[in-house]
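What you see is a predicted model; the values in this text were computed from it and never measured. Throughout, numbering of the chain's residues begins at 1 and tracks the sequence.
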Amino acid sequence: MFQKIANILSIVSFIMVASMSGGAYFGYKYVTSENFKAKVMNQVLDQVQGLMPDILDNALPEVTGPTIPKL
């Protein structure tokens with residue numbers, strides 16, 4: 001009886017280790033792929049472009065001071 005339980009647990013353990021190893025391998029391959037890098041860069045650039053007009057409007061003065069006199 002104990003032998004059957006041990007065998008079942010061994011098979012379940014092997015399936016879990018194999019699936020975790022496969023998932024880690026394919027996850028690593030996906031994260032290091034060029035498609036993933038392009039997708040992340042597009043998302044970052046979209047967010048930054050959305051913020052740029054607000055930042056530029058707040059940072060630029062409407063009127064500047066007088067010119068510096070020449071000596």
Side-chain angles (χ1 to χ4, degrees):
M1 182 68 177
F2 179 74
Q3 185 69 32
K4 286 183 180 183
I5 294 172
N7 286 340
I8 291 172
L9 289 176
S10 174
I11 291 170
V12 169
S13 175
F14 173 76
I15 291 170
M16 287 175 53
V17 168
S19 64
M20 290 174 66
S21 298
Y25 173 75
F26 287 114
Y28 175 76
K29 294 299 270 184
Y30 176 71
V31 168
T32 58
S33 70
E34 292 297 322
N35 291 337
F36 181 75
K37 291 178 187 176
K39 187 183 295 185
V40 169
M41 283 299 283
N42 286 337
Q43 288 178 352
V44 168
L45 289 176
D46 288 344
Q47 290 179 356
V48 169
Q49 287 174 352
L51 295 174
M52 286 306 289
D54 296 336
I55 292 172
L56 290 176
D57 289 340
N58 293 336
L60 296 176
E62 293 190 22
V63 178
T64 60
T67 60
I68 298 173
K70 290 174 105 180
L71 295 177

S.K.: For Ser21 and Val17, indicate whether the former's side chain and the latter's backbone hold a donor-acceptor pair under 3.5 Å.
M.R.: yes
S.K.: Roughly how far, to the nearest 0.5 Å, is NZ of Lys37 from CG of Asn42?
M.R.: 14.0 Å
S.K.: Does Phe36 belong to the same Ile/Leu/Val/Met/Phe/Trp/Tyr cluster as Tyr28, with side-chain heavy atoms less than 4.5 Å apart forming each link?
M.R.: no
S.K.: Is a donor on one side and an acceptor on the other found under 3.5 Å between the side chain of Ser19 and the backbone of Ile15?
M.R.: yes
S.K.: Applying side-chain hydrogen bond (donor to acceptor under 3.5 Å, both in side chains), name anything that partners Lys39, two or more places apart in sequence or on another chain.
M.R.: Tyr30
S.K.: Atom CG in Asp46, atom CE in Met41: separation rounded to 0.5 Å?
M.R.: 11.0 Å
S.K.: Report yes or no: do Val44 and Val31 belong to one cluster of Ile/Leu/Val/Met/Phe/Trp/Tyr joined by side chain heavy-atom distances under 4.5 Å?
M.R.: yes
S.K.: Please identify each residue that fulfils ring pair (Phe, Tyr, Trp, His ring centres under 6.0 Å) with Tyr25, with sequence neighbours left out.
M.R.: none
